[in-house]
Amino acid sequence: GSDPTPTPEPTATPVPPTPTPTAMAMADDPTATPVPEPTADPFEAEWDALVAAAQEEGRLDAFICCALGREFDAHIDAFQENFGIEIVSATGSSRQQADRVLAERAAGVYSLDVWTGGLTTTNTRLVPEGALTDLRPLLIHPDVLDGDNWYFGDLFWGDPEMKYIVGYGGNASNAPIAYNTELLPDPTVIQSYVDLVKPEFVGKIVMRDPREAGTANNHPFYFTQGLDETYLIPLFRDMEGVIASDARQAAEWLAQGRFALCIFSCGTEVEELKEQGLPVQDQFPHPLKEGATIGTGGNNIFVMDQAPHPNAAKLFLNWMLGPEGQTLYQESNGDNSLRIDISKDNVVSGNLPAEGIEYLVPSADPGHQSKIDDALDWFRAELPKHGY
Amino acid sequence: MLRTATLVSRSKAVIRGQSPTGTFVMAVFIIVFGVYIIYPVILIFINSFNVAERVRDPFVFSFDNWRMAFSDASLFVALRNTFVVYFLYTSISFPVAIVIAWLLARTKMKFSYSLEFMFWVSFMLPGIAVTIGWTYLLDPHIGFVNQLLWKLPFLERGFDGGPFNIYSVPGIIWAHLMANAISQKVMLLTPAFRNMDLSMEEAARVSGASNVRTMIRVTLPVMVPALSVVFMLNIVRIFQSFETEQILGTPINFYVYSTKIFQFIRYFDPPEYGQATALASLTLIIIAVVIPLQRWLLNRRRYTTVTGSFRPGLIDLGSWQWVAWGSIVFLLALLTVVPVLVLIGGSFMTRVGWFNLNDVWTLKHWQDVLGDRFFLQAFRTTVILSTSTAIISPLLFSIVAYVLVRTRWPGRAILDSLFWMSAAIPGMLAGLGLLWVFLGTPGLIAIYGTIFALLLVVILQGKLTSTQLIKGAYLQMGLDLEEAARVAGAGWLRTYFRIWLPLIMPTLVLIGTINFVLSAQATASIILLASRGTTTLSILALEKMTHADGTLLEQAGIVSLFIVGMTVVVALIARRFGLVLGVRHDVRSTAPNAAPADAGPQGIAANQAGGLGR
Amino acid sequence: MTTATATTDRNAAVKLEGLSKTYPGGQIPAVNELSLNVEDGEVYTLLGPSGCGKTTTLRMVAGLEIPDEGDIYFGDREVVVTSKRYRLPPDKRDLGMVFQSYAIWPHMTVEENVAFPLATRHMRRTEIRERVEHVLDLVGLPGLQKRPAPLLSGGQQQRVALARALVIEPKILLLDEPFSNLDAKLREQMRIELKLLQKRLNIAVLFVTHDQIEALSLSNRIALMNLGVMQQQGPPQLLYEEPANEFVRDFIGKTVLLRGKVQSSNPSGQVSVAIDGGPNCVIFGRSYNPDGLSSGEDVYTAIRPEDIDVRPAVGNDIPDGAIAGTVIAALFTGERMEYQVEVDGQGTLQVFGERHTPASDGNKVTLTLRPDGHSVWSSDWTHTETGEGV
Amino acid sequence: MTTATATTDRNAAVKLEGLSKTYPGGQIPAVNELSLNVEDGEVYTLLGPSGCGKTTTLRMVAGLEIPDEGDIYFGDREVVVTSKRYRLPPDKRDLGMVFQSYAIWPHMTVEENVAFPLATRHMRRTEIRERVEHVLDLVGLPGLQKRPAPLLSGGQQQRVALARALVIEPKILLLDEPFSNLDAKLREQMRIELKLLQKRLNIAVLFVTHDQIEALSLSNRIALMNLGVMQQQGPPQLLYEEPANEFVRDFIGKTVLLRGKVQSSNPSGQVSVAIDGGPNCVIFGRSYNPDGLSSGEDVYTAIRPEDIDVRPAVGNDIPDGAIAGTVIAALFTGERMEYQVEVDGQGTLQVFGERHTPASDGNKVTLTLRPDGHSVWSSDWTHTETGEGV
Ligand SMILES: Nc1ncnc2c1ncn2[C@@H]1O[C@H](COP(=O)(O)OP(=O)(O)OP(=O)(O)O)[C@@H](O)[C@H]1O
Ligand SMILES: Nc1ncnc2c1ncn2[C@@H]1O[C@H](COP(=O)(O)OP(=O)(O)OP(=O)(O)O)[C@@H](O)[C@H]1O
Ligand SMILES: [Mg+2]
Ligand SMILES: [Mg+2]
């Protein structure tokens, strides 16, 4: 029998702010505490019922954003093989998908079950609109609920209320700065962001447009670390940096040696060029003084309110966050999963958190989104002053 | 005798100029197109005054979006940049395109139809491939052309590289010229020029005007419908193209108005649709000028060239022909070789334009694209959509244009303005508006999510270009041709199919092809309406382009290649059958039918002599 | 000035009643209260100066122009009834028309052009082919079937237009200067073919021509128009011999106007006039002026040139019934000579003489006038001004 | 069949030498080895059946068609020399031309159309305006300056075309049926204006018309063409009175062909012929056949209708020099009657009679033939085949 998910009313209760954004500090909401290890039988029965109900529905409509979107075939095949349920997946821009879903909902059309993607669109639009459903009743697989399986000792919640968004991606980053190894043979000359704004790098920096929402995940970091005055203002004022129209252009210019450094997320494009033997690195080998970060990027999962296939969605959620789903995720493009009970062989080394480094997790801050907005506003006001 | 005719309906009672049928048809047209065209625009505009936080919140009225949008100080500079760029490339491309269209359509030139077709191909090639291609050639530091020039003894490599720099205003102009600015105009103008009556040019020559003067004083003025339509179609879109400026202007902090609009949508999350709408509303001013201007131009004079005494024929340029021919071939090489190399070569390169990688050549992109589980389905959907569009829209819009030009039914001005209004909002906003319309209109929500919704969108998306171009074609046709058919007993439909359709067929083939390309390349208009089952190649390409893992330009290119390939095939077929109709200036080969005529001279002579000898 | 009375004959093949049409922007009507009817089997010709509204009339009959006023009937059938706002569409009027501009379809071959009206009538292929072939033979264009229509000479195009109108053998035929670009031989041949066809099928023909001989010889009746207004209608001989006004008199045929004085008159209009320039030249005629003329009045007598016999003067005597003059120009016009003759008190007159013994410039001649049958006018010139409808 | 000898007068205003032109796809030449020259101040008329190559010739002179063979000179100036592949472009030929299809520019007003040739000659605004006004007056279109050219009647458009050709007062004028859509009055007026202009400016006019009276009266010389080949050229009277071949005889003017037998002949070509159908009707004429005719031969005598006097038969006697016949159709053609007369041994003849005492169908008439000046032929029809150049 199917068990329609009740529509959760967004709680008005303010969520207690997490004291520090550091790891391991994930809130221990009592409701989220994993249920004491159930006897195998009740769970098995519930699981079997879920699978049966999902199979009855026979189909899952998913929107898979971002990097995973084009690499999702393995998941589709595995899910089909395991449960005989067809996943109909779409990919593309989250922003447009949100436009569409919200318009559909306003007209009473409910076409989507699950969504994986970034936090910004979700937190700014889907959550406030009540488009998502509370995940906690849906998370039933003990394997998923067991905090020991996760990097932070618990599931990573991407929304301030900690009920709509679960993050599973966990790439570590020393700094969102790529460089040309010929022009910067010794990267250790840079130990702090402030080292970038030195005369030797004048005209040697290419950047993504920091006013673009897509580059903004790291922005709050600069302000919490007080880098706005010491790094950002001199950067725009003195360094004659060039804004590339997109990441590809930025990465190529870096590889061509036109620029020594690429800032504001040139990552994945640079990685590809590196693989092709060009003199570029997408990461410093060492963390900078201001600290390294871990973030989920676009790798979070959530389930739509009034999903047309609620059981399939519930099944997929538990399966995706389980070992099989996460292993496939890691395989798909070398990302690191926050799940730690699975092999990390297929993860690109730079993405793995290094031992002994304390990583900042900016997105764990419940105020993260508003800080991003503030940061974007700052950039949008600041850049034109310097001719950008 | 031109504008006095009234379409006579099949019904018996006809009131002067305002038959009940006419009023009824116009009412239907205006309501249908009005809902479809204006409703989304209105929704978008209303929404720009809504500052409610969430979609489901009640309407909160405010001018904030408008105030904020226009409070950006750099906007004025962007606007100025827009006009500078537009003015520069238009003042080059328009004269060039006019001369080429004239050469292709009005002079004896070898392979003129094939050359014309190459301009179509150039038009079909995606603009981004052109821009990217030229960056590899004219990049100041690594551009191949610059590298070659540095080998010349007298050219020093400057600090800034060079001598050519694509990242500059001249570079942007160049990219525009190499992309669509020239080829689109040539493509749109050539069929109109083909409808020129040779005897009008001959009369000018005999009156003492040289070939050039004849072109300027006679051919061009009589081509005003086509010229003005092409000019106006371009200027109403002045705030809409941004790809070139985005790629080439951003690094030099050169922004144009359209990049500003685009940024409101792409840089903000949630997108600032309200502010983008406010900025885009400037187009309304242009439209407000264009509509009366066009009406004035078209009513001021008469432009009928194809009449019952039409004389076909082409101008002989003598040896100048070869100079012209060489120049056109050279230009075509510039226009097509670079993007084609980028697309085809790039599809086999790990990274297009990069020859110093570990694996320069690869089949991976092809494998990925062809292995994509949605590829076949997308291909099928695209074929269905585009082919239907290519067939239906010329027919549909030729009827609409007929009504606009050839009848005196009430409300034509309204209908015409409706079509122009559709240019008021850029594609991305229009797509959103359409989504709202589909979800909010009882009849349409039934087809929401099906291929029929997409079909409706793609068929109608070329409405402005199509109606305006066909209007221009009708204005060239003498009314006497229709009158003769009506008197000969043909009803309206028969007249339409036997007289008008064949006569404007070259324009219709063009419209069909343009609509085929438009629908094959459609993204913004359909992305919000397409679902997995109805993905098209263009959406597939877009997904490749916006891949977070870096833009899969090469794979997007492969998808584009399929689109271009399909379009070329379809266009060739359409031209094969369509261009046999319409007025022809070269002597038609009557080879298969020549037999009876061959038997002529003696037989005829005897016959006629017999008649006269009595 | 209209002498035509609108008959109420309901059975005329084509009947126009009080038709008026002003073009948008036109100051004066192109056609003004025109009434006429064409009977079955009749050739009715519209004659008049360029721009007088002939084509406009034909276009209204064909349904290509909407009259502002007036009705049109084809037999019993209502075609245009302005008061009822009723109008039969052109394709339902079932007539054949030759356009002044030919209106050949440039994208079709000769054959396709001619076959078109048949195809609209859903005729069988083979029959169409036969009929087309036959009518092309008739207009002297056999073997040109496959030629694209624009690649014909002007006269050939005109014949294609004619063939297209004739091929359906319509009951009503509208011909707008259908022979203007044909040579005399061909034109005559076409005229004969037309006449034969018309007799065979009892067609009503509404005909516009500028060739007066053609008009006078082919027509059963003629209507002469000026500035959109009908001036006179009737059989050719009536217009020629008894013109209703100065305009008709001057427009049809050639006229020599001779000054003179009324000698005697009769209220019926009969007068005798002493012509200036001859010692004893009194001729007889009729005045069509209702007021009549009184003795002693200065008048103009209109004489057709062929009623003036030109002969070399013998001595200095001027015979009775003749006037004397001097040839100032002689022109060969084929079958006869055209002379400009200076006559005392008359100015220069244009007269004809036979071609075998031509007079030369400066020769003295006597002009013997036919004694009677002329028309007499109190003015030398048309009241209704001729000119352009601006 | 060409009787014209190409003169070598290098100073003719227009000189064509051996011009030939075959249209692509055409089986026979549209113009075939045509040579002629037009002197200054001369009106030279091309006459011929529809499709015989008149327009093609004019177009070659204007530079709109490239001859396959042959040369064109304007005075001393080389215009087309095929052997040298030299061709002067049309705009350098400095001539005025009226197109058969008018070729009015639709996007211009009447004034702009007419002013165009002046504007290309960089004339001052005010002067252009004056000249345009004057020439529009001349063609009878005053006050229509601002009208869009397509909104004119056919005849008005033709006059605009004429005005456009005349306005520059060119040295060479090419007129392709310039009056075909004008009424008789206007046409005559235009002819006179043309003649005056031509005299004043000493223009060479190459003229195409289908109106024979016009051709014969206006031309200094006429060339008669058929199937692209010149048949005869010379002054009008020559072609009329001494046709070079049957084609010329039949094409120009009307001819009545009477069967008869040669009674006596002279090698110079003079013959007397006894006409069938009359007891004693012998008339005299000339054969233009170089072989001559011998006594007793059956021949056809070509008589112009105006040389036949038609009178009611008096009793059963047929006077000498006359033949008897019966009227089978009488037709009023304005100044005279046209009769179809059935004559024993001759078939039906078309003759003219005066209009005041017309004969009716069935009346017996005698036809008195002019005794001499006719042409005599051994066949009743044209050797040179007429027909279409396909
Ligand atoms: N563009 C063309 N292509 C092929 N044949 C043509 C073309 N124009 C004319 N002809 C043919 O050439 C011949 C001569 O044509 P032309 O126009 O010179 O005749 P024309 O003497 O002016 O006749 P008309 O009196 O009918 O105007 C005709 O048989 C015609 O069919
Ligand atoms: N479409 C039009 N718009 C305005 N005026 C027009 C239009 N067509 C014709 N006219 C004018 O109406 C008048 C009558 O024109 P119409 O064509 O009937 O003349 P027509 O008698 O056929 O002359 P023609 O013998 O020259 O062909 C003319 O003065 C003409 O200028
Ligand atoms: Mg007319
Ligand atoms: Mg001609």
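Below, chain A is the first sequence line, B the second, and so on; all start at residue 1.
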task: Assess whether side chain to side chain contact (heavy atoms under 4.5 Å, CB included) is satisfied between D:Ser180 and C:Asn181, documenting all intermediate values.
output: CA-CA 6 Å; D:Ser180 62; C:Asn181 276 294; 4.0 Å; yes

message: Please identify, among D:Lys54, D:Gln100, D:Arg187, D:Glu214, the residue contributing the most non-hydrogen atom pairs under 4.5 Å to chain C.
response: D:Gln100

- line: The interface call for D:Gln350 against chain C, heavy-atom contacts under 4.5 Å, is side chain

- request: Specify which of D:Pro305, D:Gly155, D:Ser217 makes the most heavy-atom pairs with chain C at under 4.5 Å.
  value: D:Ser217

task: Kindly give the heavy-atom pair with the smallest separation between C:Gln212 and D:Ala184, and that separation in Å.
output: NE2-CB, 3.8 Å

query: So which part of D:Phe251 gets closer than 4.5 Å to some heavy atom of chain C, the side chain, the backbone, both or neither?
result: both

query: Step by step, would you call D:Ser153 with C:Thr55 a side chain to side chain contact (heavy atoms under 4.5 Å, CB included)?
result: CA-CA 8 Å; D:Ser153 78; C:Thr55 299; 5.7 Å; no

statement: Under 4.5 Å to a heavy atom of chain C? For D:Asp307 that would be side chain

field: side-chain hydrogen bond (donor to acceptor under 3.5 Å, both in side chains) partner of D:Ser50, chosen from C:Gln158, C:Lys185, C:Arg159, C:Gln157
entry: C:Arg159

message: Checking D:Glu306 against C:Arg336 for the side chain to side chain contact (heavy atoms under 4.5 Å, CB included) test, could you report, in this order, the C-alpha distance in whole Å, the side-chain angles of both residues, the deciding distance, and whether it holds?
response: CA-CA 8 Å; D:Glu306 67 269 20; C:Arg336 61 195 177 186; over 6 Å; no

Interface residue of largest heavy-atom contact number with chain D, from C:Leu331, C:Thr209, C:Leu182, under 4.5 Å: C:Leu182

- request: Under 4.5 Å heavy-atom distance to chain D, tell me which part of C:Phe332 shows up: side chain, backbone, both or neither.
  value: both

